Amino acid sequence: MLERAASLVAGFSTNMAWKFSTAGLAALALTGAIAMAQPPKLDPESFLPPVLPWSGASEKLIAAANDPWITPSETTGLTATPNYADTLAFLRRMDKASALMRLERFGTTPQGREMVAAILTKDGAKLHDWKPTFLVQAGIHSGEIDGKDAMLMLIRDMLFKGKDSLLDKVNVVFIPALNADGHERSTEFSRPNQRGPKEMGWRNTAQNLNLNRDFMKAEAPEMQALLGLIAKYDPDFYIDLHVTDGMDYQYDITYWFDGWDGLYADSPSIGKWLNEVYRPEADAALKANGHIPGPMIFARDEADLSKGIDFLAFDARFSHAYGDLRRVPSVLVENHSLKPYRQRVLGTYVLLEATLTVLASEAASLKAAIAQDRALRPKFVDANWKTREAPVGTFDFLTVASEQTDSPASGGKVTRYLGRLGSTVSVPVYGSEPGLQIDVAKAYWVPPTKPEVIAKLKLHGVKLETITEARTVDVEMIRLDGFRNAGLSEGRMTYAPTGVKKERRTETFLPGSVRVSTDQPLGALVAVLLEPENEDSLFAWGFFAEILSRVEYMEPYAIAPMAEQMLANDTQLKREFHKRLAEDEAFAASPLRRLQFFYERSPFYDQRYLLYPVGRET
Ligand SMILES: [Zn+2]
């Protein structure tokens, strides 16, 4: 799920409100917590919009009740999902009975649960390089767990029901629940806008972190484990399975990737492949099985579609944008929350099977697209996405009939969906434009005083050179004019420079410093991590907050006579001072600011105040 719909409920109407946690949401949650002292025994069916009737060929995928390999969810008619222990037990049972799968522990959650991936291959211990490796990730938001139950069915069918040829040319790495702790925080009340499963897990981890905001800062142990798994298997295709929230519409399986209609791709060949090779195959398979695929949709105003929808660009903290930045074909799937669990699981199965098929038939073109993008050495990378004011096109939107009704509770009108197909409406499409172009340096120098930053670069798989003898280098350094607090996010205080200046400096980097060349496939990722002006940099996430504090100061009784000496000895300084007095009344009237003027220009001033300590080799 993405947060925008919830933000709208909380009264945030700005288009980008979904991106941020808000005080309004916190207030709602607080109110909810008080009300929840006596949980209402409400059946969501009594307040959710009516279900659209549905049937499709994918219903034939469900195992018979007496099938020995019926999955735990199928035993409930795809209305419930097994807990983590039962999920792993089912995987272990299949593992024992088949040579095509093995289970691998790749991490431990903060609450001590084992993080498990299933490796499906015909290759044996060493996976062949020529085959695409497909990383299937379910449960990054564990309440949105369709992908887990769909994949258990598909694995069963590959191992025991004659679909093993899907593994002839493709290897699979499957994570059943990335957020395993959140998966076990399971109740009937986790996701009120979502039609099943009966009980579902929680969006955030046990540390209350949202893993789908953690791809860049990589703080959560689950994310660190995932990055380790990505480094180990170097996937050629990555799918991140979610369930959306928001308005009602006909689509049941929506998805998105950078490169959709040519938009936003840092990896242009991969984006083109996804748009022109993958998307038609995925859509055709879904349609053939009775599903209605569509793009991930954000309506600007659910009550008035003529205001348009957004096809948004995402920051690299999100899975699919991170994948785009590091040259891994990556697809974000958002099943529609108002469709029943059964329909959503079946649609996911179809999409995953279609993905395996197209990965097998188009392995060569996929590998070629990846190689082309990994050879790119961009001079600039787009960042800090803002909403675009002018539309970029139109979209034929398959609506569900609705009306505006009076709501005594809200005191106003609310949308009521009527449970039947609405018309197809041509709506304007808006999107994003970059607010910043990151100027990629030839290399970055990180001093040994930033071990956590160096560790994060390594975690992302970046190649770097650690120097063992001090080296003096001519570099560009960034000095901040100032900074603003950009809010609390994911448990961290975030920051943004109010302006920057680049200074040429000769810096000595001590042993233990690293030189990070951008002449590598992850060069663009390096620049986004290390350029402080962008909103997903390690600076923005607060990993350089110490440079924002000034140390040492000079007493006015010492500055004043020093200032007189400086004025007497430096005519240029004198001119600058008098010009400032003439032009800036507030400055002229402030004894402290006047003295500060001289202190800042004296050798006693902290020369490293607001100096970002990473060097840029240009
Ligand atoms: Zn989600």
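Whatever order the structure lists ligands and atoms in, that order sets their numbers, starting from 1. On a predicted model such as this, the values are computed, not experimentally measured, just so you know.
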**Q** To make sure I understand the geometry: which N, O or S atom in His141 is closest to the Zn ion (ligand 1)?
**A** ND1
**Q** By side-chain contact (heavy atoms from CB on, under 4.5 Å), which residues pair with Arg185, not counting sequence neighbours?
**A** Trp202
**Q** State the atom name: nearest N, O or S atom of His242 to the Zn ion (ligand 1).
**A** ND1
**Q** Does the ring of Tyr255 carry Arg279 above it, NZ/CZ under 6.0 angstrom from centre and within 45° of its axis?
**A** no
**Q** Within 45° of the axis and under 6.0 Å from the centre of the six-membered ring of Tyr430, does NZ or CZ of Arg300 qualify?
**A** yes
**Q** When you measure from the Zn ion (ligand 1) to the N, O or S atoms of Glu144, does any of those distances fall below 2.8 Å?
**A** yes
**Q** In chain order, what residues pass the side-chain contact (heavy atoms from CB on, under 4.5 Å) check against Pro268, with sequence neighbours excluded?
**A** Asp373, Leu376
